[in-house]
Amino acid sequence: MLIQNKKIAIIGGGIGGLTLARLLQLKGADVSVYERDLNPEVRVQGSTLDLHEGTGLEAMKRAGLMEEFYKYHRPTASKLRIVDQDLIVKFDDHDEEQSVAENRPEIDRAPLRDILLNALESHTVVWDSQFVAMERYGEGWLLHFKHAVDAYADLVIAADGANSRVRPYLSNLTPIYSGITLVEGNIYDAEKNAPHLFKLANGGKVMAFGSEQFIGYGTKGDGSMMFVASTKILEEDYNKARIDFKDNKQVSQWLKDHFPGWTTVWDEFFVNVHIPGMLTPFRRC
């Protein structure tokens, strides 16, 4: 058995890494998850997530967590409206008995992450452990972290996302810019700070298309909304972008400059946005 008497390290404590850790522990594996976040509450956990049969839902079934999942899943979150840049509705399934995504139940990422964390053995996740490098050490690997002490593992699993630092040890392929840049933002107390867009979502999600651009957003159980805004930008222009994401005026101006043909109602997002990270270039390998 591949995992028998093996020390397993998972780099990345997101949904994928935590789910795998749970499944491995159910098989008796000795596994640790190394996560760069200081603690579980340090940042917003992103948008509502839909789980599909055969993938996400199947993993939750095998993890024995379906009962917990359905305690926190949000049935109305899958309701969808598709609009154009002027907020003219092109598709709406709110009045349908079943939504188009009824077979893909949704849950906010934060409670899903909590479900997985609570299902793991104590001390499985080693917080404040940003992976830096690894090197061969005997039959396994010696892992180096920015703040945490070195650790040994017989098997190392990469679950650290699109900009994985583990990937170069597996492949010499490097990501290239696809030509699309995406900004992710959060609106807290959305009913107050983005009343028109909050009402339009009606507890579900909205997808808006226009001028070869996209804005999508959805409501979350805590009263906030997360949105993504994507647009085509030349790579040299992306590389020149220097925004202080602690300065809402700069962020607001960038969004307005890149979405000039969109109705001013979208300013509810642009003006009140809280950016949890950086401009994210869509990349492909």
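The basis for the numbers below is simple: all heavy atoms, side chains too, and nothing from hydrogens, waters or symmetry mates. Only a predicted model underlies this, so the values are computations on that prediction, with no experimental measurement involved.
Note on ring orientation: taking the six-membered ring where Trp is involved, the planes of Phe131 and Tyr169 are perpendicular (angle over 60°, cut-offs 30° and 60°). Between His258 and Trp254, the ring planes lie parallel to each other; the angle is under 30°, not in the 30° to 60° tilted range.
The hydrophobic cluster containing Val83 also contains Phe269, counting ILVMFWY residues as joined when their side-chain heavy atoms lie under 4.5 angstrom apart, directly or transitively. Note on Trp141 and Ile3: separate hydrophobic clusters, where clusters join Ile, Leu, Val, Met, Phe, Trp and Tyr whose side-chain heavy atoms are under 4.5 Å apart, directly or indirectly. Residue Leu234 is not grouped with residue Leu255 when hydrophobic side chains (ILVMFWY) are merged at heavy-atom distances under 4.5 angstrom, including chains of intermediate members. Linking Ile, Leu, Val, Met, Phe, Trp and Tyr residues whenever their side-chain heavy atoms come within less than 4.5 Å leaves Met134 and Ile8 in two separate clusters. In the hydrophobic clustering of ILVMFWY residues, with side-chain heavy atoms under 4.5 Å counting as a link, Ile15 and Ile157 come out together.
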Derivation and outcome, side chain to side chain contact (heavy atoms under 4.5 Å, CB included), residues Ile215 and Val228: CA-CA 6 Å; Ile215 297 178; Val228 294; over 6 Å; no
Pair Leu2-Leu155, side chain to side chain contact (heavy atoms under 4.5 Å, CB included): steps then yes or no: CA-CA 9 Å; Leu2 180 62; Leu155 298 173; 4.2 Å; yes
Worked verdict on Ile10 versus Leu18 for side chain to side chain contact (heavy atoms under 4.5 Å, CB included): CA-CA 9 Å; Ile10 297 175; Leu18 296 176; over 6 Å; no
CA sep, side-chain torsions, deciding dist, call: Leu57, Met66, side chain to side chain contact (heavy atoms under 4.5 Å, CB included): CA-CA 8 Å; Leu57 279 180; Met66 288 297 288; 4.0 Å; yes
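Defined by atom type and a distance below 3.5 Å, a donor-acceptor pair is present between the side-chain atoms of Asp108 and Thr48. A side-chain N or O of Glu135 and one of His144 form a donor-acceptor pair less than 3.5 Å apart. Side chains of Ser32 and Lys7: a donor-acceptor N/O pair is present below 3.5 angstrom, by distance only. Donor-acceptor pairing under 3.5 Å is recorded for the side chains of Tyr152 and Asp154. Defined by atom type and a distance below 3.5 Å, a donor-acceptor pair is missing between the side-chain atoms of Thr263 and Gln85. With hydrogens and angles left out, the side-chain atoms of Ser78 and Glu106 include no donor and acceptor closer than 3.5 Å.
Not a single donor-acceptor pair under 3.5 Å links the side chain of Glu121 to the backbone N or O of Gln25. Side-chain atoms of Asp92 come within 3.5 Å of backbone N or O of His94 as a donor-acceptor pair. Although no hydrogens or angles enter the test, the distance criterion places a donor-acceptor pair under 3.5 Å between the side chain of Arg74 and the main chain of Thr219. In terms of modelled atom types and a separation under 3.5 Å, the side chain of Ser211 and the main chain of Gln213 share no donor-acceptor contact. Checking side-chain atoms of Arg113 against main-chain N and O of Gly13 turns up a donor-acceptor pair under 3.5 Å. Between the side chain of Asn193 and the backbone N or O of Tyr188, at least one donor-acceptor pair lies under 3.5 Å.
Few gaps surround CZ on Phe209; more than 12 heavy atoms of other groups in view lie less than 6.0 Å from it. Heavy-atom neighbours of Glu191 CD from other residues, nucleotides or ligands within 6.0 Å: at or below the threshold of 12. Within a 6.0 Å radius of CD in Glu212, no more than 12 heavy atoms belonging to other residues, nucleotides or ligands are found. Applying the 6.0 Å contact sphere to NE2 of His196 captures no more than 12 heavy atoms from other residues, nucleotides or ligands.
Using a 4.5 Å heavy-atom cutoff, the side chains of Gln130 and Arg165 are in contact. Inter-residue side-chain proximity for Ile107 and Ile115 is flagged as met; some heavy-atom pair is nearer than 4.5 Å. Looking at heavy atoms from C-beta onward, Glu53 lies in side-chain contact with Lys61 at the 4.5 angstrom threshold. For the pair Ile82 and Leu80, the minimum side-chain heavy-atom distance is below 4.5 Å. Counting heavy atoms from C-beta outward, Val33 and Trp127 have side chains that stay 4.5 Å or more apart. Side chains of Leu197 and Trp266 form a contact here, defined as non-hydrogen atoms less than 4.5 Å apart. Arg104 has its side chain out of reach of Leu51: every pair of non-hydrogen atoms, C-beta onward, lies at least 4.5 Å apart. Side-chain contact between Met225 and Phe198: present, with at least one pair of heavy atoms (C-beta onward) separated by less than 4.5 Å.
For the atom pair CG of Asp37 and CG of Asn39, the computed distance is 7.5 Å after rounding to the nearest 0.5 Å. Atom CD1 of Ile233 sits about 5.5 Å away from atom OH of Tyr177, to the nearest 0.5 Å. Annotation: the span from Asp50 atom CG to His73 atom NE2 amounts to 12.0 Å, rounded to 0.5 Å. With values rounded to the nearest 0.5 angstrom, Phe145 atom CZ is found 5.5 Å from Ser129 atom OG. Atoms CE and CG, from Met60 and Leu23 in turn, are 9.5 Å apart once rounded to the nearest 0.5 Å.
Nearest approach of Pro175 to Arg167, heavy atoms of both residues: CG-NH1, 4.2 Å. Closest of all the heavy-atom pairs between Lys90 and Asp84 is CE-OD2, 3.7 Å. Closest approach of Leu143 and Ala153 over heavy atoms only: CD1-CB, 4.3 Å. In terms of heavy atoms, Ala201 sits closest to Val206 at CA-CG2, 3.7 Å. The two atoms that bring Gly210 and Trp262 nearest to each other are O-CZ2, 3.4 Å, heavy atoms only. For the residue pair Val132 and Lys146, the shortest heavy atom distance occurs at CG2-N, 3.4 Å.
Between Lys6 and Glu139 there is no salt bridge, since no side-chain nitrogen of the basic residue lies less than 4.0 Å from a carboxylate oxygen of the acidic one. Using a cutoff of 4.0 Å between basic side-chain nitrogens and carboxylate oxygens, Asp114 and Arg109 are not scored as salt-bridged.
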